[in-house]
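Taking it in order: structure first as structure tokens, then the write-up.
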Amino acid sequence: MQLTQTGILADNPRLARYLSFSIDSETEIAASLTLLAANIDSANTVVGLGQSLVDVLGKAVTGLSIMPAQTGCGIGIPSTPAAVWCWLHGDDRGEIFHRSLQIEEWLAPAFTLNDVIDSFAYDQNRDLSGYEDGSENPQGKEAIEAAIVQGQGGGLDGGSFVAVQQWLHDFDILKSMTTAQRDDVIGRHISDNDEFEEAPLSAHVKRAAQESFEPEAFMLRRSMPWSEGMQAGLVFVAFGKSFDAFEAVLNRMLGHEDKISDALFTFTRPVSGAYYWCPPISNGKLDLSAVGL
């Protein structure tokens, strides 16, 4: 029986949209969420609930928290929590827009739409810096092991936790770098995506190598580029059976282990960040029993 929102484990779409909502009327929450749960198609829309919403419902989801704001080596990591997060998949921007309107209608008047980010696939899963993203994502059973809650009981098994950050790139800095300097920042050659041992310790692949942690810090990344006007970057999306892997990697990137910060911060910074719990599926609908619905 399908227990996981299908879109979590599916390959990245060509187009996507991220919606985040805040609570507007507590008395209407149950009705709005019940309507959303009954009608959402998890194959093309993934739904996440934030800590503030779970608190208002008077429930607790073990493992869910608010992403903490952090600093390290002069780098700031913001926390911008929301009550509900939706990740819309598709290949038609117009259809995604109309689906957004429908979701907004289902969630009103309990929730207010606060933020919309449109994203897209670039080449073969490349970030707008030109480097491939998610090269070492777990696959198949390993993806399920990394991303999906198991053994916690009904209402929780099949769910997932997701960390979401919008990163803003400085393309002037990128353009000022030589190819070798860019390769040193990432730790891969842009020409063939191969890692190279002589990369500095600050190289991103050395900071974030998921297998180098104890325990290993594997997560299922579903990041995609975004752009608005002349600003652009990456929407970082990482699903996990908990937030432990994400936090371990981010702490090392910030230099909390050895005072060496990730060279990625030389040209990009997160401008938002939040944690969500993605409920499981039961009988084809979102299973909100863990939060009393």
Side-chain angles (χ1 to χ4, degrees), residues 2 4-24 32-50 53 80-108 110-122 125 127-128 133-134 137 143 147-148 158-167 219-229 231-240 271-281 284-288:
Q2 176 66 38
T4 299
Q5 295 188 51
T6 308
I8 293 174
L9 296 171
D11 291 338
N12 268 11
R14 296 302 300 170
L15 297 172
R17 171 173 272 204
Y18 309 89
L19 310 177
S20 58
F21 297 82
S22 62
I23 297 171
D24 189 44
S32 292
L33 287 182
T34 299
L35 186 61
L36 180 73
N39 288 284
I40 206 74
D41 179 358
S42 72
N44 56 37
T45 303
V46 174
V47 175
L49 308 184
L53 175 56
T80 56
V84 178
W85 173 80
C86 298
W87 174 30
L88 285 65
H89 299 194
D91 55 15
D92 184 315
R93 189 168 181 177
E95 187 278 328
I96 290 174
F97 170 76
H98 285 291
R99 197 176 347 139
S100 301
L101 293 178
Q102 181 65 79
I103 291 170
E104 185 180 23
E105 181 180 328
W106 287 335
L107 289 175
F111 301 93
T112 298
L113 180 61
N114 281 348
D115 193 39
V116 179
I117 304 172
D118 288 305
S119 64
F120 50 89
Y122 171 49
N125 295 322
D127 173 62
L128 291 175
D133 184 68
N137 254 341
I148 305 304
S160 184
F161 296 95
V162 63
V164 184
Q165 295 174 306
Q166 183 180 16
W167 288 66
M219 47 191 158
L220 184 63
R221 290 167 292 160
R222 291 291 187 244
S223 307
M224 295 180 71
W226 67 273
S227 68
E228 183 176 352
Q231 291 190 318
L234 185 76
V235 181
F236 178 83
V237 176
F239 292 94
V271 295
S272 70
Y275 286 162
Y276 302 99
W277 168 63
C278 299
I281 295 292
K285 300 178 182 180
L286 287 181
D287 182 356
L288 301 181

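Just so it is clear, the model here is predicted, and its values are computed rather than measured.
The nearest pair of heavy atoms linking Arg222 to Ile8 is NE-O, 3.4 Å. In plain terms, the two heavy atoms of Ala37 and Leu288 that are nearest each other are CB-CD1, 3.9 Å. Between Ala143 and Leu220 the shortest heavy-atom distance is CB-CD1, 4.1 Å. When all heavy atoms are compared, the tightest approach of Met224 to Arg14 is CE-O, 4.0 Å. Taking every heavy atom of both residues into account, Phe21 and Ala82 meet most closely at O-CB, 3.6 Å. For Ala121 against Pro13, the heavy-atom pair with the smallest separation is CB-O, 3.9 Å.
Atom NE2 of His89 and atom CG of Asp41 lie 10.5 Å apart (nearest 0.5 Å). Residue Arg99 holds its CZ atom at 11.0 Å from CD of Gln102, rounded to the nearest 0.5 Å. Interatomic distance, CG of Asp91 versus CD1 of Ile96, reported as 7.5 Å (0.5 Å rounding). Rounding to the nearest 0.5 Å places CG of Asp127 at 5.0 Å from CG of Leu234. Note: Trp106 CH2 to Ser32 OG = 12.0 Å, rounded to the nearest 0.5 Å.
With Cys278 as the fixed residue, the side-chain contact (heavy atoms from CB on, under 4.5 Å) test singles out one of Val46, Ile148, Thr4: Val46. Applying side-chain contact (heavy atoms from CB on, under 4.5 Å) to Glu104 and the options Val116, Leu113, Thr112 leaves one that passes, Leu113.
Listed for the Gln2 side chain is no donor-acceptor partner under 3.5 Å among the backbone atoms of Ile281. With hydrogens and angles disregarded, no donor-acceptor distance shorter than 3.5 Å links the side chain of Ser119 to the backbone of Arg17. No donor-acceptor distance shorter than 3.5 angstrom exists from the side chain of Asn114 to the backbone of Ser20, with no hydrogens or angles considered. Between the side chain of Gln5 and the backbone N or O of Pro279, at least one donor-acceptor pair lies under 3.5 Å.
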- Run the side-chain contact (heavy atoms from CB on, under 4.5 Å) check on Thr80 and Asp115 step by step: do they pass? CA-CA 11 Å; Thr80 56; Asp115 193 39; over 6 Å; no

- Query: Given the rule in the side-chain contact (heavy atoms from CB on, under 4.5 Å) test, do Val164 and Trp87 qualify, once you have shown the distances and angles that lead to the verdict?
  - Reply: CA-CA 10 Å; Val164 184; Trp87 174 30; over 6 Å; no

- Using the side-chain contact (heavy atoms from CB on, under 4.5 Å) rule, take Leu107 and Leu19 through it: C-alpha gap first, then chi angles, then the decisive distance, then the call. CA-CA 12 Å; Leu107 289 175; Leu19 310 177; over 6 Å; no

- side-chain contact (heavy atoms from CB on, under 4.5 Å) assessment of Tyr275 paired with Phe161: CA-CA 7 Å; Tyr275 286 162; Phe161 296 95; over 6 Å; no

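No side-chain heavy atom of Asp133 sits less than 4.5 Å from a side-chain heavy atom of Asn125. By the 4.5 Å heavy-atom criterion applied to side chains, Phe120 and Leu128 are counted as neighbours. Residues Ser42 and Lys285 form no side-chain contact, since every pair of their non-hydrogen atoms from C-beta on lies 4.5 Å or further apart. By the 4.5 Å heavy-atom criterion applied to side chains, Ile40 and Ile103 are counted as neighbours.
Summarising the local packing, CG of Asn39 is surrounded by more than 12 heavy atoms from other residues, nucleotides or ligands at distances under 6.0 Å.
Taking the six-membered ring for Trp and thresholds of 30 and 60 degrees, Phe239 and Trp85 have ring planes inclined between 30 and 60 degrees apart.
Remark: the Glu228 side chain and the Trp226 side chain contain no N/O donor-acceptor pair separated by less than 3.5 Å.
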